[in-house]
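Naming convention: chains lettered A, B, ... in sequence-line order (proteins, then strands); numbering from 1 in each chain.
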2 protein chains.
Amino acid sequence: MPRPVSIDRAQALEQAMLLFWRRGYHQTSMREITAATRLLPGSLYGAFGSKRGLYLAALDHYHDGLQQALTAHLQGTAPPLERIRRFFAELLNGIARDPEGKGCLLINTLLEPPAADAEITQQAAAALAEVEAAFAVALEEAVGNGELADGPPPEARARLLMTGIYGLRVYQRTTPPAGVLNDIVETLLKVTLENPVAKEKRT
Amino acid sequence: MPRPVSIDRAQALEQAMLLFWRRGYHQTSMREITAATRLLPGSLYGAFGSKRGLYLAALDHYHDGLQQALTAHLQGTAPPLERIRRFFAELLNGIARDPEGKGCLLINTLLEPPAADAEITQQAAAALAEVEAAFAVALEEAVGNGELADGPPPEARARLLMTGIYGLRVYQRTTPPAGVLNDIVETLLKVTLENPVAKEKRT
DNA sequence: GATATAATTGAACAGTCGTTCAACTACTGG
DNA sequence: CCAGTAGTTGAACGACTGTTCAATTATATC
């Protein structure tokens, strides 16, 4: 009996997420969101409750995309170390294809406000923790393989890789000369994944 | 002949900086700043021109404090590697003494907005580049000393250390369990400063 | 086609934003 | 002690903020 929903929730979420990604939470006004989504305030409030609710939904949406990237690049049948290298190559690729310098929405979220909103902070942190966990799994596999020598536990190595990603995202904002980000990743992977002790073990 | 200035510019700047540090640029209103500095809008605008001008001055003020920390911990007569270790120890110390999780104002500045304001971004980036340069000098010295084995050039190693600091500041926002940040620094310093190839060279 | 239901509309709300400026005040040189 | 200068005051400005809600519209069932 009721009038059916005619709003394209998915499209609206995508547009809102892009806006939050580009401009941050506090700098993005509902007015801009209504303009970008071609929705009126009432519809947005009906669908998402509030600006905050919309942001949480946008974080979720971003998280979905990240998970796809994770399964596409970090899981698979290739040797675990190569999968990690590919993930970082894809990360650099993404940065190169991001001339606006938007960075990573989750990291931006963690650093943008004074982290006053515990729920938002925690949601972003949880999503990033998934990436870290995926790294740890791949690293453990690599050690089991003999691809990677013993050394710091997988969790510690995974944290180091995450630290590298976080650092990259900060460097990205300084608009460094071409090649610097690639160099950083190269050095990071070298010191994290090429334990010289293991050299003799490799084929 | 004119009425002398009765405003304590330094104290106002300190208060404003603390506020920006805690709450970020866009979240901090001039009203809050007038309350914290006990100054009226007119006085603030007379002394700093605009909210943006005040922020730039606050960044400068923060930069001054950072330079003091640099000369206190990263320069001196101790062996360069130990100076670097001390700098990181001091960094961890500062994080432990920062229950609010304010982080680093410069890094917050880089990540907070969409970096739309080129001058602000560049000022923050330049200040951080100074730290990186100081690392590079210390690392070069360490290689010359024989304290540190050859390997990646000092600039690359310095960038890795900066990446570590940036990463730490992001991790800090996730309110990780106690000890995690210390572990990260430990691993970072180990892989960056303890090149196993050099082991035989050490005393 | 009448009715019930809910999605949609957009003008309007109270509050806050960064900023301004005419009036006022306090001091110094003569 | 007067005149002149500039620092200080705070009410007020227009613009914009996130949000609401009565009116309107469109559909599905009976």
How close or far is atom [atom2] of [N] from atom [atom1] of [X], stated in whole angstroms?
X	N	atom1	atom2	answer
A/Leu39	D/dG18	CG	P	16 Å
A/Glu32	D/dG18	CD	P	8 Å
B/His26	D/dT17	NE2	C1'	15 Å
B/Arg52	C/dG18	CZ	P	15 Å
A/Phe48	D/dT19	CZ	P	14 Å
B/Leu44	D/dT9	CG	P	11 Å
A/Ile33	D/dT17	CD1	P	11 Å
A/Arg38	C/dT9	CZ	P	13 Å

- Item | Residue-phosphate contact under 4.0 Å: A/Arg31 side-chain N/O, D/dG18 OP1/OP2 | no

- At under 4.0 Å, does any side-chain N or O of A/Ser29 touch on OP1 or OP2 of D/dT17? yes

- So, A/Glu112 versus B/Asn108: side-chain donor-acceptor pair below 3.5 Å or not? no

- Tell me yes or no: between the side chains of B/His63 and B/Gln123, is some donor less than 3.5 Å from an acceptor? no

Where the side chain of [X] is concerned, which of [options] is the nearest nucleotide?
X	options	answer
B/Ser43	D/dT9, C/dT8, D/dT19	D/dT9
B/Tyr45	C/dC17, C/dT20, C/dG10	C/dT20
A/Met30	C/dT9, D/dT19, D/dG10	D/dT19
A/Pro41	C/dC17, D/dT17, D/dT20	D/dT20

- Pair A/Phe88 + A/Phe135: ring centers closer than 6.0 Å: yes

- Relative to the ring of A/Tyr55, is the ring of A/Phe20 parallel (under 30°), tilted (30 to 60°) or perpendicular (over 60°)? perpendicular

- Could you check whether the rings of A/Trp21 and A/Tyr62 sit parallel, tilted or perpendicular, using 30° and 60° as the cut-offs? perpendicular

- Base, sugar-phosphate, or nothing for B/Thr34, non-hydrogen atoms under 4.0 angstrom? nothing

- Message: Just to be sure I understand the rule, does A/Gly42 reach a base, reach only the sugar-phosphate, or reach nothing, if contact means heavy atoms closer than 4.0 Å?
- Response: base

